[in-house]
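One structure below.
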Amino acid sequence: MSNQELGKAYDPSQVEDRWYRFWTEQGYFHADPAARKAPFTIVCPPPNVTGSLHMGHALTFTIQDILIRWKRMQAYNAMWLPGVDHAGIATQLVVERQLKRTENKTRHDLGREEFLRRVWAWKAESGSRITEQLRKLGCSLDWKRERFTMDDGLSAAVREAFVRMYEDGLIYRARRLINWCSRCFTALSDLEVEHKDEAGSLWHIAYPVLGSDDKLTVATTRPETMLGDTAIAVHPEDERFKHLIGKRAVVPLTGRDVPIIGDAELVSKEFGTGAVKVTPGHDPNDFEVGVRHSLEQLSIFDTAGRLIAPAPVKYVGLTVADARKAVLADLEAEAALVKTEPHALALGRCGRCDTVVEPMLSLQWFVKTKPLAAPAIAAVEEGKTRFVPESWTKVYMHWMTNIRDWCISRQLWWGHRIPAWHCAGCAAITVAREAPAACGKCGGAVTQDEDVLDTWFSSGLWPFSTLGWPEQTKDLKNFYPNSVMETGHDILFFWVARMMMMGLYFMKKPPFHTVYLHAMVVDEDGEKMSKVKGNVIDPLDVIGGASLESMLAAAEKAGAPKQALSNIKKTYPDGIPAAGADSLRFALAVQAAQGRNIRLSLQRIESFRHFANKVWNASRFALMYLKGFDPDRFADALREEPKSLGLGLAERWILSRLTRVSKEVDDALEDFRVNEAAQQLYRFIWNELCDWYIELAKPALHVEGPASSLTDEVARRKRMAQGTLTTCLETALRLLHPFMPYLSEEIWQKLPKPLGTPNSIMVTLYPIPDAQLIDDEAETVMGLVQEVVGAVRTLRAEYGVPLAARPRVVVFATGARLEVLTAQLALVQGLARAEVELAQGPGTAPEKSVQAVVQGDVEVYLPLGGLIDVAAEAARLDKELAKARADVAFSERKLGNASFVDRAPAEIVDKERAAMAEAKAREEKLAAALARLK
RNA sequence: AGGCGCGUAGCUCAGUGGAAGAGCACUACCUUGACACGGUAGGGGUCGCCGGUUCGAACCCGGCCGUGCCUACCA
């Protein structure tokens, strides 16, 4: 590669697509299962096929890509498998809506087969959108291994899993109380129901006791369900009602009478009236009571959410809401409604469509979870799988321990059809991998079960079904268990827990070693991003930029309300400027602290766009001065015998810092502290490499003329600076690559590199810290240089000495410090932009000068030609002196404490003594300066 | 009702036992031969409150207040 010059500012749009294409063409995303390298696997949790990339995706895929690129550069056989999920309910809903809109038809008008054909057509057209978007983000996914949960292979895996579990008695069919969404028209698992507290009422209703004048008053939040009551329950030890147990009560409005039972588990004596109506057909608690007391189960709602018999004819056909009104009115009329009080209740709503879910008796398929949960608990207890952050272990354990059977059948068309066939003749069920010709029991005709499986059933198999299971493929052998599962903590139960259960059951090993759960991306006010609120930031808008008009159009298309549109107008009057994928990635990474939500703002992203530009310009600077530089000689010497190079202080210092930072970045990534790794890089590149080293190297680099015209020493110094700068930059870019793949590649390609270097940064080695380069002395000396330079700069700034002026500065120092400063005089002068006179201290203050004190006894004087504002200088010195005195007092108090000196580690005590000596010296100098001034 | 977080500079957040840090915002100065998407300097914090442990606490322990999330069948 030649040393091309870079443009003045980094423009991601000119860079990103080009490199993504290059990486793909080179096959660098593909992992060869035959490679003789240790595997590192991440199987990406599949996003919904209906989805388009949002910030949550951007975060999870950024973190995964960071991990995978890092491990790939560490010479692991890194494999990151992409794919999407068929998202049963969501997808069916999308296609149904489209059908309604374009043809005004329902899925029933088309019939099952034709409808499914339409879904596949929709998938072919819009379903791959998200995978395209992931490419924009720079994700190094192994696209050759891309999977879809409805693929043939994965469908076969689902059938295999179902059949085996059925044969092992882990899948059964039963009539149970399930969650029913009357809009999606399907059963839901407990996890798909969201509970929120909502305002409601507690109605007190009087039930006449049969054969007496007594009335028993119950309290309920759902009066309409009384039409399905089959008992009244009181606490068996409640003196008020004990005598009624065994008698019967009349259910108002129905004329039916039901038993009064005693049940200590259901009824609390303190709550409400102390008596509870029991509706086993429409309440999970009551269902349990019904089982305990052999009560009748009445269903009075149909699947569409309307009342049916045995509810009295009068109410049949009403919706649940209307029935409530009617029932309350009628109770009032009968004077059976005793009291109404406000009461909050947790209503269950469908996670997909927000419709209130109704507990309904229904014949469904279930997974027996207890036997699956036990190994999933053990695997974590035994440390075979660990959670990061560790605090999720408890949450997982709690859920696994209290797990309930899982309803897996859905009354949908889009999904894996349940591999069970019902016999018309004998009603036997045949469960099989392939459609049976006839009933296994009586040989009669069979028809396949109409239902499909919960989408999460196939997701549970994902870590191994994607690798070819049930076939014993090379991939399966090589990449199972996966190394890391990286996902949001919101789907710990949906995905992780079920993958654990399924993985252990079918593969006998947990599906992953580490589960890394990241926090949620929210807006800058900490609110969940939602289209309804209009506070979403679309990752693609951030990457490529967006006009206000296009943002409004997109929001409108997504069905955002007016309020959301006006929010967008207010927040982004000028749209969003293009920041590029790398800036977005870095912004997400640096904020991804464990256990804390990420409040994302455009402003924050912009600051990392500036960072990208900073890296770009530092590189641009370097490239300007690297012409004719031979990287091989320097690199070899640095690796084999760094001392032989005779590096200057600045070089030794920055290489030492680079080495430490490499180690810190690597350590942080090892612990999933992605944010700290990113932060370290940001600081190193900006605050050390750019702010200090580049400035320090300028004099050495900025020498005119061809090498032959320079003296040997000047030419040598230039080579050292060139070599050091290249090394730091090249190493920093490799460190940065997992975070900012495009920028790092674009620049890296242009840097001079030793022979035999690969053709892409993504297949180079991740930097390995070289202990030889750690240089404590250089770091200490640089510390002094920085402080002296800082003192001069402060004085210049305080007294308005213009930058163009090159004032005379007098510095007095003693001992080792004087030696060091003498040796580094050129550096100090360059950075301070001053002529520095060094002398043995203590010295006499030059006429009309202002002063600072550094490291105890280094005196820095800036003589001012004209008049000094005595009052201002006195005030400044006063402040410094006060600080010095406070420092002395603090140390004195500490060292005066006998138990501190006795019990604190010697190292700490020594440090404190040194600090006191330094502060005392400083105090003395400052006091003298002040006295002189007055 | 339980569980888990969080509370540090105006804002957003790092920091897990030895005298408080970053980014943004703010103030002053500066077109200095990489960068104004920049530079230099500066202002700004009793680390939510109260106790305890410790020579020493933002950090460990207990309680309280505020706040967020998750789980749960209290009608």
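Not measured: the values here are computed from a predicted model. Values reported hereafter were calculated over all heavy atoms of this structure, with side chains retained and with hydrogens, waters and symmetry mates removed. Within every chain, numbering begins at 1; the chains are lettered A, B, ... in the order of the sequence lines, protein sequences first and strands thereafter.
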Mind checking [X] for me? I need base, sugar-phosphate or nothing, with any heavy atom below 4.0 Å counting as a touch.
X: Ala618(A); answer: base
X: Glu288(A); answer: nothing
X: Lys196(A); answer: nothing
X: Gly800(A); answer: nothing
X: Trp203(A); answer: nothing

Under 3.5 Å donor-acceptor, [X] side chain and [Y] backbone:
X: His293(A); Y: Leu295(A); answer: no
X: Thr279(A); Y: His282(A); answer: no
X: Asp11(A); Y: Ser13(A); answer: yes
X: Asp405(A); Y: Thr369(A); answer: yes

Compare side-chain N and O positions of [X] against OP1 and OP2 of [N] and report whether any pair is under 4.0 Å apart.
X: Arg604(A); N: C11(B); answer: no
X: Lys698(A); N: G39(B); answer: no
X: Lys614(A); N: C35(B); answer: no
X: Arg793(A); N: A41(B); answer: yes
X: Tyr625(A); N: A34(B); answer: yes
X: Arg599(A); N: U12(B); answer: yes
X: Arg796(A); N: C29(B); answer: no
X: His610(A); N: G38(B); answer: yes

Among [options], which nucleotide has an atom closest to any side-chain atom of [X]?
X: Tyr682(A); options: G21(B), G23(B), G38(B); result: G23(B)
X: Arg596(A); options: U8(B), G21(B), A19(B); result: U8(B)
X: Ser391(A); options: A41(B), C35(B), C4(B); result: C4(B)
X: Glu798(A); options: G5(B), G3(B), G42(B); result: G42(B)

- [ ] Please say which of Trp495(A), Phe387(A), Trp392(A) ends up in a ring-ring contact (aromatic ring centres under 6.0 Å, His included) with His489(A).
- [x]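 Looking at Trp495(A), Phe387(A), Trp392(A), the match for His489(A) under the ring-ring contact (aromatic ring centres under 6.0 Å, His included) is Trp392(A).
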
- [ ] Quickly work out the Asn617(A) CG to G33(B) C1' distance and round it to whole Å.
- [x]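 That distance rounds to 13 Å.
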
Task: Leu895(A) CG to A19(B) P, straight-line distance once rounded to whole Å - done: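 Going from Leu895(A) (CG) to A19(B) (P), I get 12 Å.
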
- [ ] Return the set of residues passing salt bridge (charged side-chain N to carboxylate O under 4.0 Å, His left out) with Asp263(A) (not counting sequence neighbours), or none when no residue passes.
- [x]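 If we apply the salt bridge (charged side-chain N to carboxylate O under 4.0 Å, His left out) test to Asp263(A), skipping adjacent residues, the hits are Arg292(A).
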
Open item on the list: According to salt bridge (charged side-chain N to carboxylate O under 4.0 Å, His left out), who are the partners of Arg596(A), at least two apart in sequence or on a separate chain?
Closed with: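 For Arg596(A) there are no salt bridge (charged side-chain N to carboxylate O under 4.0 Å, His left out) partners, ignoring immediate neighbours.
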
In whole angstrom, give me the gap between the [atom1] atoms of [N] and [M].
N: A36(B); M: G48(B); atom1: P; answer: 40 Å
N: G15(B); M: G21(B); atom1: C1'; answer: 7 Å
N: A57(B); M: A20(B); atom1: C1'; answer: 13 Å
N: C47(B); M: A22(B); atom1: C1'; answer: 15 Å
N: G3(B); M: G43(B); atom1: P; answer: 46 Å
N: C50(B); M: G17(B); atom1: P; answer: 24 Å
N: C60(B); M: U53(B); atom1: C1'; answer: 8 Å
N: C59(B); M: A19(B); atom1: P; answer: 15 Å

Pairs of donor and acceptor atoms involving the side chains of residues 688-696 of chain A, under 3.5 Å and at least two apart or interchain, shall be tabulated with distances.
{"residue": "Glu688(A)", "atom": "OE1", "partner": "Arg657(A)", "partner atom": "NE", "Å": "3.2"}
{"residue": "Glu688(A)", "atom": "OE1", "partner": "Arg657(A)", "partner atom": "NH2", "Å": "3.2"}
{"residue": "Glu688(A)", "atom": "OE2", "partner": "Arg657(A)", "partner atom": "NE", "Å": "2.8"}
{"residue": "Asp691(A)", "atom": "OD2", "partner": "Asn687(A)", "partner atom": "ND2", "Å": "3.3"}
{"residue": "Tyr693(A)", "atom": "OH", "partner": "Glu651(A)", "partner atom": "OE2", "Å": "2.5"}
{"residue": "Glu695(A)", "atom": "OE1", "partner": "Lys698(A)", "partner atom": "NZ", "Å": "3.4"}
{"residue": "Glu695(A)", "atom": "OE2", "partner": "Lys698(A)", "partner atom": "NZ", "Å": "3.1"}

Open item on the list: Across nucleotides 66-75 of chain B, 5' to 3', mark each nucleotide with B, S or - according to how protein heavy atoms within less than 4.0 Å reach it.
Closed with: -----S-BBB

Side chain to side chain contact (heavy atoms under 4.5 Å, CB included) against [X], all qualifying residues, sequence neighbours excluded:
X: Ala677(A); result: Val665(A), Ala668(A), Leu669(A), Phe739(A)
X: Lys911(A); result: none
X: Glu606(A); result: Arg609(A), His610(A)

Minimum-distance pair of heavy atoms, taken over all atoms of [X] and [Y]:
X: Lys8(A); Y: Asn613(A); answer: O-OD1, 4.5 Å
X: Val542(A); Y: Ile576(A); answer: CA-CG2, 4.1 Å
X: Ile598(A); Y: Ala592(A); answer: CD1-CA, 3.7 Å
X: Asp229(A); Y: Val258(A); answer: O-CG1, 3.6 Å

- [ ] Run the salt-bridge test on Arg222(A) and Glu358(A) with the 4.0 Å N-O cut-off and return the result as yes or no.
- [x]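 Yes, charged N to carboxylate O under 4.0 Å.
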
Open item on the list: Quiz question: by atom type and distance under 3.5 Å, do the side chains of Lys339(A) and Thr273(A) form a donor-acceptor pair?
Closed with: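 Result is no, nothing qualifies.
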
Open item on the list: Taking the ring centre of each residue, are Phe493(A) and Tyr396(A) less than 6.0 Å apart?
Closed with: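 No, ring centres 6.0 Å or more apart.
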
Open item on the list: Give the residues of residues 687-696 of chain A touching RNA chain B, defined as any heavy atom closer than 4.0 Å, sorted by residue number.
Closed with: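 Close to the strand are Cys690(A), Asp691(A), Ile694(A), Glu695(A).
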
Open item on the list: Stem finding on RNA chain B, please: runs of three or more consecutive Watson-Crick or G-U wobble pairs, both distances under 3.5 Å, sorted by first number.
Closed with: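 Listed by first number, the stems are B:1-7 with B:65-71, B:10-13 with B:21-24, B:26-30 with B:38-42, B:48-52 with B:60-64.
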
Pairwise N/O distances under 3.5 Å, protein to nucleotides 51-55 of chain B:
{"residue": "C55(B)", "atom": "OP1", "partner": "Arg903(A)", "partner atom": "NE", "Å": "2.6"}
{"residue": "C55(B)", "atom": "OP1", "partner": "Arg903(A)", "partner atom": "NH1", "Å": "2.3"}
{"residue": "C55(B)", "atom": "OP1", "partner": "Arg903(A)", "partner atom": "NH2", "Å": "2.5"}
{"residue": "C55(B)", "atom": "O4'", "partner": "Ser899(A)", "partner atom": "OG", "Å": "3.2"}
{"residue": "C55(B)", "atom": "O2'", "partner": "Asn897(A)", "partner atom": "ND2", "Å": "2.9"}

Polar-atom pairs under 3.5 Å, protein N or O versus N or O of nucleotides 61-63 of chain B: list them with distances, or write none.
none

Open item on the list: Under the salt bridge (Lys or Arg N to Asp or Glu O under 4.0 Å) definition, can you give me all pairs with a residue in residues 786-803 of chain A, not counting sequence neighbours?
Closed with: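 Checked against salt bridge (Lys or Arg N to Asp or Glu O under 4.0 Å) - neighbours excluded - no pair reaches residues 786-803 of chain A.
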
